[in-house]
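Naming convention: chains lettered A, B, ... in sequence-line order (proteins, then strands); numbering from 1 in each chain.
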Amino acid sequence: MSTSIENLKTFDPFADTGDDDISQPTNYIHIRIQQRNGRKTLTTVQGLPVEYDQKRILRALKKDFACNGTIVKDDELGEVIQLQGDQRVKVMDFLCTQLGIMKKNVKIHGF
Amino acid sequence: MASVDESLTPTAEEQLEFDPTIKKKKKKSKAVSFSPDDLDDVAPQDETPDPEVDELTDMFAGLKKKKKKSTASAPLDSAEDASAGDAGAEDNVEDFDFGSQKKKKKKKVADVSAFEQQLEEAGVNEDEDAGEDDTFEKPEGEEEGEGEGEEEEAGWLNSDREYSYEELLHRFFKILRTNNPELAGERGQRYKIPPPSVMREGNKKTIFANLKDISDRMHRPYEHVMQFLFAELGTSGSVDGNSRLVIKGRFQQKQLENVLRRYIMEYVTCKTCKSISTHLAKENRLYFLVCESCGSRRSVSGIKTGFQAHIGKRKKMLG
């Protein structure tokens, strides 16, 4: 931080690289909830790894949770699975058990 | 273990949740010290003699005992007066109907507890998260744990076998905690944050009245807290004239509490020393959490809203 010119900074090998901090957020899976009218809610699953077939996952999720859902294509965030109702915990379980995704890579948001 | 206890006195639990544990504990140790205690002089006053005597001597202590017993799923029928008092207390706490029968009540309680357990199972990871450093502490749960230890201790102090390391360790920590909790690593009381006061405005909006107070207590700009709340809850809202936060959607106090807890873990507590006296510094568009007590710095991610589904009007979605 001492020099004002960014390019001339020397590399500090002891600086906090935050390596795992940087690699992690890229593959976080966010599970969110949104309130709709009344008691209805919507669960969104964002950031599933691209190597998985979203359609098949969605089909399995819909069948397992007995709810409807869609895949929404977002400009920045890619494909997002939308499910009806509060399925956050169940989705999390599904991801961990069926897809073998680490629990720490899944973030549940909402209340 | 906390879940079962919660189910016994749900409202009391909620009220107590934000209170520091000390008071409770103090009271307890005092209540115990009333009872005749002639095990040995070296031990301080926090041993429990056999439960029967205690129950008869002191009503308060009896209540406590009863609670403990019932959590261990062994209902106590012998002490009629104590149980009656307990039932009354339960009535009082639960929903103010003295008229209803005891049996029914019991069943209801059991149902609730089962439900709670299910919830617990379902939300294991969230609990883990929260348990890591619980800012809004749960006195009941802690007390429960202590109580168990006490019962055990009463057993092994009488026998003249060699004490195991575990037992002695438990004993040491318990004594330390009763005499000077600061040393026992109980930082809970330093993090006192008032419970969010939540009201409903109309049908679709929630008012979070003391956001300013809470964010001042955390030394954070309330805009930041607000941003986090909105991102997490997936809604929007505004601040009204009395600097209260109006959130779109229905939220209960408990839910907001959870979100706040997450905020505190993420943006307030220092990961190194768990202190709450920190501040956020912004450098080159990045936020850094700087601890004022140990001086550590760590970068925190900015608040991202993430994907927001379109709710309501279909036309918007197409356009």
Between B:R297 and B:E283, does at least one N-O distance fall below 4.0 Å, as a salt bridge requires? yes

Ignoring hydrogens and angles, state whether a donor on the side chain of B:R220 or B:T278 is under 3.5 Å from an acceptor on the partner side chain. yes

Side chains of A:H30 and A:Q46: do they bring a donor and an acceptor to under 3.5 Å? no

What part of A:I33 lies closer than 4.5 angstrom to a heavy atom of chain B: side chain, backbone, both or neither? backbone

Need one label for A:Q82: side chain, backbone, both or neither, based on atoms under 4.5 Å from any heavy atom in chain B. side chain

Quick check on the interface: out of A:R32, A:E76, A:R39, A:K90, who has the most heavy-atom pairs with chain B under 4.5 Å? A:R32

If you count heavy-atom pairs under 4.5 Å between each of B:S301, B:G306, B:G249 and chain A, which one has the most? B:G306

Please classify the contact of B:Q308 with chain A as side chain, backbone, both or neither, using a heavy-atom distance under 4.5 Å. both

Is a donor from one side chain sitting under 3.5 angstrom from an acceptor on the other, for B:N210 and B:R244? no

Should the pair B:E266-B:R262 be classified as a salt bridge under the 4.0 Å nitrogen-to-oxygen rule? no

